[in-house]
Amino acid sequence: MTDGIKLDVYITEQALNYIIVFDDKYPNLNKIFGSKLCNLYVNLSQDEIYEKVEDLEGDLNAFLKSNDLPIPKSCPEAFDDLEKYGLADLDRTNPRSIFIISRKKEDALKLQKMYGLIIESEDSIDDNMFDIQYMKAFDKNDIIDKNNNDGWDALFKDFVFPPMNAIVVADEHLMDNSTKRDGNIGHANIKSMLSAILPTDYNKVFDIAVLTGKSVSKAKKMADELWQFVHQIRSYKFNLEIIYSESTHKRGVYSNYFIIVCDKGFKLFWPMTAESYDDNDISVESIFNDLRFRGDSNMQLSDRRLMQLNKSYEEACIQNERIANSDVKVFRYNDGKPEKNRLLAMFDRRDS
C-alpha cells in the first residue's frame, strides 16, 4: 500500500542537512525519511527548495536521488504558526506528524508535552525517537507483581510511552464477558489500561475511541462510568466515543506513533489484580517497527486497520441514528466542541 497516510515531517533546513550528511549519526531517521512513508516539509520557499535540489553536487539532491524521493514541500507557515501561535490546529489535523524546529531543547520538550506530538530541537535530535518496543507473554493466572493490585500499572511501570494525543481501541469481544463477582472484565481492563498509558503532561483535548462488538447489558452505564473515570485520573479535556457495532475488527490499540496488540484481546487481567485473565501475549511496537522495510510496516498496517475502523465507525453512526433499540450503539462525550477522533478523521480529509 503506497497511497496511505504518511508521516508528516516538519523540519528545518539545518536539521534536514544534519540528518542527510551525518547518516552514521542518524541511521534510523535516514532510513525513515528515505522510506517513501514520509512527507518532508521544510521551512524554505519552494523556489529555494528547487535551487537546492538542482545543485547536482548537493547533499539533498543525492539523498533524494538515492532513495527515489519526491522533492520536499515548502511549508514555512507551519513553522510560523509554531513560532507565533503554537501549532494552531496541526495537532488535530496531522496526528501523524513530527516537528524538528529551531527552539531550545527545553522549549521543544514543553511543546511536545503540550500537544502530544514529537517535537524536537534541531540542536538535540534523537535518532531513536521511534525506538518503541515492549513484549510480554502470560500463562493463565500468572501474577506479574504480587505487591500491585493493578496489572496494567505493573506491566508498564518502567515503560515510557511516546507523546500522544489520541488512541483508538478495537476489540470486538472486549465487553462481552461479565461475572457476578468481577463485573465486566473488559470494562475494568480499559480503565486500567488508560490509567497506565495516558500522558500525565498534556494541555489540549485528548481523543479516545473504543470500538467493540454488539451492545451489551449496561452499555450506557459503563460508558458513563468511563467518562467519569478519565476525568478522575487526568486533569485535561477529552473527547470520548464508545461504539458498539456489528462489524468485526482486528484487535489493537492505535495511537500517533505506536500500536499495542494482545493475542487474545485486551481482557488481560482480572479486575483489581495483577493476575492474568488467560494465557495471552502483548506487544507494543513503533509505527516504524522494522527499518529494513520488508513487507508492510506498522505504519502501513495501522493505516489499513484505522481506515477499516473509520468505515465501521461511520456505518455505526448512521445505523445508530436510524434504528432504535439496535445492537449498534454510539455514545459520545466531550469537554467542549464535539469532534471525531483525530486518528479516524484523518481518513475523511484524505478522501475529501
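The structure displayed is predicted, hence computed values, not measured ones.
Under the side chain to side chain contact (heavy atoms under 4.5 Å, CB included) test applied with Q300, the options L37, I5, I287 reduce to a single match, L37. The side chain to side chain contact (heavy atoms under 4.5 Å, CB included) test with V9 is passed by exactly one of I118, V42, L40: L40. Of the residues listed (Y202, F156, Y257), the one engaging F161 in a ring-ring contact (aromatic ring centres under 6.0 Å, His included) is F156, and it is the only one. S286 pairs in a side chain to side chain contact (heavy atoms under 4.5 Å, CB included) with only one of the listed residues (I32, I259, I132, N298), which is I132.
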task = Go through N39 and D8 one step at a time and tell me if the side chain to side chain donor-acceptor pair (under 3.5 Å) criterion holds.
result = CA-CA 5 Å; N39 294 314; D8 287 337; 2.9 Å; yes
ask   = Taking it one step at a time, do L306 and Y254 satisfy side chain to side chain contact (heavy atoms under 4.5 Å, CB included)?
value = CA-CA 8 Å; L306 286 167; Y254 307 93; 3.9 Å; yes
task = Step by step, work out the salt bridge (Lys or Arg N to Asp or Glu O under 4.0 Å) result for E120 and K105.
result = CA-CA 7 Å; E120 296 205 345; K105 181 178 180 179; over 6 Å; no
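Side-chain atoms of N256 and N165 form a donor-acceptor pair, as typed in the model, at a separation below 3.5 Å. Between the side chains of T212 and E172, no donor-acceptor pair of N or O atoms lies under 3.5 Å. Side-chain contact check for D153 and N148: at least one donor-acceptor pair (N or O, by modelled atom type) lies under 3.5 Å. S45 and E48 form a side-chain donor-acceptor contact under 3.5 Å, judged by distance and modelled atom types alone. Between the side chains of E54 and Y50, not a single donor N or O lies within less than 3.5 Å of an accepting N or O.
Contact check on R103 versus D123 returns no salt bridge, with no Lys/Arg side-chain nitrogen under 4.0 Å from an Asp/Glu carboxylate oxygen. Looking at R342 and D207, a side-chain N of the basic residue comes within less than 4.0 Å of a carboxylate O on the acidic one, giving a salt bridge. Contact check on D279 versus K264 returns a salt bridge, with a Lys/Arg side-chain nitrogen under 4.0 Å from an Asp/Glu carboxylate oxygen.
Rounding to the nearest 0.5 Å gives a distance of 5.5 Å between CD of Q133 and CD of E285. In this structure, CD1 in I190 is found 12.5 Å from OG in S195, a value given to the nearest 0.5 Å. Once rounded to the nearest 0.5 Å, the distance linking NZ of K250 with CG of L301 reads 8.5 Å. Interatomic distance, S102 OG to D107 CG, rounded to the nearest 0.5 Å: 10.5 Å. Q112 CD to D201 CG: the interatomic distance, rounded to the nearest 0.5 Å, is 11.0 Å. M175 contributes atom CE, which lies 13.5 Å from atom NZ of K218 (distance to the nearest 0.5 angstrom).
By the criterion of side-chain heavy atoms lying less than 4.5 angstrom apart, applied directly or through intervening Ile, Leu, Val, Met, Phe, Trp or Tyr residues, V205 is not grouped with I233; the two fall into different hydrophobic clusters. Criterion: ILVMFWY side-chain heavy atoms under 4.5 Å apart, direct or through other members. Under it, M299 and V253 are part of a common hydrophobic cluster. There is no path of hydrophobic side-chain contacts, each under 4.5 Å, that joins V328 to V169. L155 and I143 are not part of a single hydrophobic cluster, where members link through side-chain heavy atoms under 4.5 Å apart. Transitive grouping of hydrophobic side chains (ILVMFWY, heavy atoms separated by less than 4.5 Å) brings M129 and L117 into a common cluster.
The main-chain N or O of D131 is never found under 3.5 Å from a side-chain atom of N128 such that the two would form a donor-acceptor pair. Of the possible donor and acceptor atoms, none in the side chain of R305 sits under 3.5 Å from a partner among the backbone N and O of R251. For the pair N280 (side chain) and D263 (backbone), a donor-acceptor distance under 3.5 Å is present. A distance-only check finds no donor-acceptor pair linking the side chain of N43 to the backbone of P76 [under 3.5 Å]. When atom types are taken as modelled, the side chain of S255 and the backbone of I167 share no donor-acceptor pair closer than 3.5 angstrom. Between the side chain of S276 and the backbone N or O of D139, at least one donor-acceptor pair lies under 3.5 Å.
Scanning both residues, I197 and I260, for their nearest heavy atoms gives CD1-CD1, 4.4 Å. In this structure, G186 and K267 approach most closely via the heavy-atom pair CA-CG, 3.7 Å. Taking all atoms of both residues into account, the shortest heavy-atom contact from N184 to L174 is OD1-O, 4.1 Å. Across all non-hydrogen atoms, the minimal contact from N341 to A166 is OD1-CB, 4.0 Å. The two atoms that bring L309 and L211 nearest to each other are O-CD2, 3.7 Å, heavy atoms only.
Side-chain atoms of L44 and K52, non-hydrogen and from C-beta on, do get closer than 4.5 Å to each other. Within the 4.5 Å cutoff, the side chain of E339 has heavy atoms near those of the R92 side chain. Looking at heavy atoms from C-beta onward, F33 lies in side-chain contact with I11 at the 4.5 angstrom threshold.
Remark: K340 engages N310, Y313, E314, L344, A345, D348 in a side-chain contact (heavy atoms from CB on, under 4.5 Å) (not counting sequence neighbours). The salt bridge (Lys or Arg N to Asp or Glu O under 4.0 Å) search around D127 returns none, not counting sequence neighbours.
Around atom NZ of K146, no more than 12 heavy atoms belonging to other residues, nucleotides or ligands sit under 6.0 Å away.
Relative orientation of the Y236 and F206 rings is tilted, given thresholds of 30° and 60° on the angle between their planes. Ring pair F99/Y10 is parallel by interplanar angle, where below 30° counts as parallel and above 60° as perpendicular.
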Can you list, pair by pair, the side-chain donor-acceptor contacts under 3.5 Å of residues 223-230, counting residues two or more places apart and other chains?
unit_1: D224; atom_1: OD1; unit_2: K220; atom_2: NZ; d: 2.9
unit_1: D224; atom_1: OD1; unit_2: Y333; atom_2: OH; d: 2.6
unit_1: D224; atom_1: OD2; unit_2: K220; atom_2: NZ; d: 3.0
unit_1: E225; atom_1: OE2; unit_2: K221; atom_2: NZ; d: 2.5

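For F258 and F130, the distance between ring centers is not under 6.0 angstrom. Separation of the F269 and Y277 ring centroids does not fall under the 6.0 Å cut-off.
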